[in-house]
Amino acid sequence: MSRFRLDRRSFLASGAGLVLGGLGSLRRAAGQAPWMSTSRGRRDLGLMDTSQSPCLKTRSIGLGEVSWTRGFWADRFTVCRESMVPSMWELMSGTEPTQFLQNFKIAAGLAEGRHRGPKWNDGDFYKWIEAASALLAREWDESLDRRLDEVIGIVAKAQREDGYLHTPVQIRARSGDTSAEPFLDSLDFEAYNLGHLMTAACVHHRATGKSNLLAVAVKAGDYLVSVSKVRTRELARNAVCPAHYMGIVELYRTTRDPRYLELARALIDARDLVEGGTDDNQDRIPFRRQTKAAGHAARANYLYAGAADVLVETGDASLLTPLLAVWEDVATHKLAITGGCGALFDGASPEGVKDQKSISRVHQSYGRDYQLPQSLAHNETCAAIGNLLWNQRMLQVTGEARFADVMETTLLNAAMAGVSLEGTRYFYTNTLRQLDSLPADLRWNRHREPFISCFCCPPNLVRTIAESAGFAYGRSKDQFWVHLYGGNNLDTTLEVGRLRLTQTTDYPWDGRVSLTIAEAPAQAVSILLRIPGWAAEASVRVNGVEQPRPLAGSYAEVRQTWKPGDLVELALPMPTRLMEANPLVEEARNQVAIQRGPIVYCVESSDLPEGVRVQDVVIPRAVNFKPRYDAKLLGGVTVLEGHAEAWREPDWSGKLYRELPTAPQRPFDLRLVPYFAWGNRGHSEMSVWMPLGRS
């Protein structure tokens, strides 16, 4: 099956891109709202309820329809359930070193005190609720369900009667501050928090069948609808880190109230009304005219994901043009080899223009093309997750494997690096090189910590891992899409009937994947297997019969009437590859990174012999790395072992330049570990990129 290439013209011609008008003529069904369910969960609805979305090639799989059974993702999910969610609850339910739940108690009048913590702490607490809800969708836990009901009751009591809910402003108002009014500060993160409330409420509703949190989200949505009628410009400028675009669309999908979709579309359009916008908030240029990723990477990626949601529901093809253009810019100019986004701690945008008044400071930022530092790389975990969400939506719109490739690279490398293997310590930034000899202290530590003063990334990562099975598959009328590989059981329903299967694999350590059919529809169904862009020699067999050679970077389609016991086997050879960067990536000139399959590797000082430091390591051109699975190392990983060379660096004290020494290089045995697992053996130095030797 050849790769789809979707542009605005083909999108319109396909019929999927017909702009849907007349949304305002739709009405909410009479009587009980459809979301006011009392049954436990709805297994057929996924993290995104795309079951009725008109402009998709592949739809979401239900929350409870996939369960990891063994291997990489099963291990990560177990750590999430047994360590991440419980330990994060202990932190968020307390009052030290900051407050999350306590802020809601104070806003509700259930406790005394002041607001503590960043203005986005509300949103981070909603992410924890979302993660806990996703766990319930897979495995019911009465005590966790009761805990959620308790905290939802507190959140509901904190909400104002008109639906507004933002504890920093509400606590100030309770203390007598007459200036505490909604949406007066464009950097107050009100809309961001409400967006995560809506997303968490929809996931909780699908996982439990309950509507207690969804009722809070509906009141908040109604408040935004009413405010948008008179304060459109203010709402547009209050779009910092716009999680609310995704949240509002998901609220529409759950309730089918067309006002929410109209609101989401209006908020995207209203960005064009902003005066004095900046690249840091992606509103210096009207959205539909944008071709470059700029400014704060997490905010940018949330914008692109939200715009893609509006595209999915409205068919507004004018949104596709900037989404494709900006995606190409990121993928070919600004993406770390790990999938990390937002390379700069600080920058200026637009850089070098004549009108210096238009230049603004940006942070956690996309830089200019090919500006990809290593030791000073920022690469916030939240930006990686935003990139994941954006690519997930682009995949559903287009069916193109390139979006799934970026999704997988980001998940397995940039995102998973953000949490320790035992699930209790986190990175905020994800450097590509950690050296002890940096000339200045950096803003964020380069060692894993149980608490970070900006705590947005840890709960974002926890919800992502809790929901990881939701990224693995897709479905359409008579097509079943395999996006990610990992041992799991699936029980889903296509439009033409029920499909049950088991996936068996040791991926990402081994490229052999087996799908065993347990039950299938009575008519022919296509199974579409993603062939990663790096898998040039992939092969597919069905019941032992070789299929036509699949094309790397596409989906291989096998179609037939399936019966129980049918076996689909995919082989993805995983040679170790030495990767070089575009020559314009100046920091990586004459250096290589090492990849095997989807995993990016690094050298860590824990694996170097005495007297050899990370910056001494040189990779020979003729190196032959051999993979070896080590069940006792770093929770069980495949390491790469080979012969390398060490060039002993002389003392640089007081020197900026020196004559190139002619000292011989020292050969030694090198072991590389997966990048996502670095920093789990105590303090260490690390590098993804290493100098390439001459021989």
Side-chain angles (χ1 to χ4, degrees), residues 32-33 35-42 63 85-95 98-117 120-137 140-175 182 190 192-224 247 250-251 254-255 459 462-463 466:
Q32 187 184 49
W35 49 269
M36 299 181 76
S37 168
T38 56
S39 61
R40 178 185 296 174
R42 295 182 61 187
L63 271 171
V85 169
S87 64
M88 193 163 289
W89 165 253
E90 293 302 318
L91 172 67
M92 289 187 159
S93 61
T95 58
T98 190
Q99 296 176 175
F100 296 90
L101 180 59
Q102 185 71 6
N103 287 332
F104 288 97
K105 291 180 178 179
I106 297 170
L110 301 175
E112 297 295 326
R114 60 180 179 84
H115 183 276
R116 291 177 55 214
W120 51 87
N121 268 14
D122 289 4
D124 295 340
F125 187 63
Y126 298 140
K127 294 174 197 172
W128 179 87
I129 292 177
E130 183 181 342
S133 300
L135 295 184
L136 291 179
W140 192 255
D141 182 328
E142 292 289 350
S143 62
L144 183 57
D145 178 53
R146 287 194 300 271
R147 176 166 289 166
L148 283 174
D149 282 344
E150 178 185 351
V151 301
I152 289 169
I154 295 170
V155 170
K157 190 172 181 60
Q159 187 174 33
R160 280 188 350 191
E161 187 60 33
D162 64 358
Y164 180 73
L165 180 55
H166 182 62
T167 63
V169 170
Q170 290 175 261
I171 291 173
R172 284 171 49 211
R174 288 185 67 89
S175 66
E190 289 151 295
Y192 166 87
N193 288 341
L194 292 176
H196 281 296
L197 165 64
M198 295 171 188
T199 301
C202 293
V203 171
H204 177 262
H205 174 62
R206 290 168 199 154
T208 67
K210 298 180 179 181
S211 302
N212 46 354
L213 187 58
L214 187 58
V216 177
V218 166
K219 283 183 66 176
D222 290 348
Y223 173 79
L224 288 179
E250 208 56 54
L251 193 61
T254 303
T255 66
V462 170
R463 69 164 180 152

Is it true that [Y] and [X] share a donor-acceptor pair across their side chains at a distance under 3.5 Å?
X	Y	answer
T95	R116	no
Y164	Q170	no
D122	N103	no

Does some side-chain heavy atom of [Y] sit less than 4.5 Å from a side-chain heavy atom of [X]?
X	Y	answer
M92	P459	yes
I106	T167	no
K210	D149	yes
R114	S175	no

Roughly how far apart are [X] [atom1] and [Y] [atom2], rounded to 0.5 Å?
X	Y	atom1	atom2	result
H166	R172	NE2	CZ	8.5 Å
L148	L213	CG	CG	8.5 Å
L136	E142	CG	CD	9.0 Å
Y223	E190	OH	CD	7.5 Å
Q102	H115	CD	NE2	11.0 Å
C202	H205	SG	NE2	8.0 Å

For [X] against [Y], the heavy-atom pair lying closest together:
X	Y	answer
S133	V203	CB-CG1, 4.1 Å
A137	A207	CB-CB, 3.7 Å
G163	Q159	O-NE2, 2.9 Å
Y192	G123	CE2-CA, 4.4 Å
A108	I154	CB-O, 4.1 Å
I171	G113	CG2-O, 4.0 Å

| For the side chain to side chain contact (heavy atoms under 4.5 Å, CB included) test, which of V85, V462, D141 pairs with L135? | V85
| Step-by-step salt bridge (Lys or Arg N to Asp or Glu O under 4.0 Å) determination, D124 to K127 | CA-CA 5 Å; D124 295 340; K127 294 174 197 172; 3.0 Å; yes
| query | Of F100, F104, W120, which is the lone residue that meets ring-ring contact (aromatic ring centres under 6.0 Å, His included) with F125? | reply | F104
| said: Applying side-chain contact (heavy atoms from CB on, under 4.5 Å) to W128 and L101, what does each step give before you reach the verdict? | reply: CA-CA 11 Å; W128 179 87; L101 180 59; over 6 Å; no
| Y126/L194 under side-chain contact (heavy atoms from CB on, under 4.5 Å): CA gap, chis, key distance, verdict | CA-CA 9 Å; Y126 298 140; L194 292 176; 5.6 Å; no
| message | Please check this pair: side chain of T254 against backbone of L251, looking for a donor-acceptor N/O pair closer than 3.5 Å. | response | no
| task | Starting from the C-alpha separation in whole Å, work towards a yes-or-no answer on side-chain contact (heavy atoms from CB on, under 4.5 Å) for N121 and Q99. | result | CA-CA 8 Å; N121 268 14; Q99 296 176 175; 5.6 Å; no
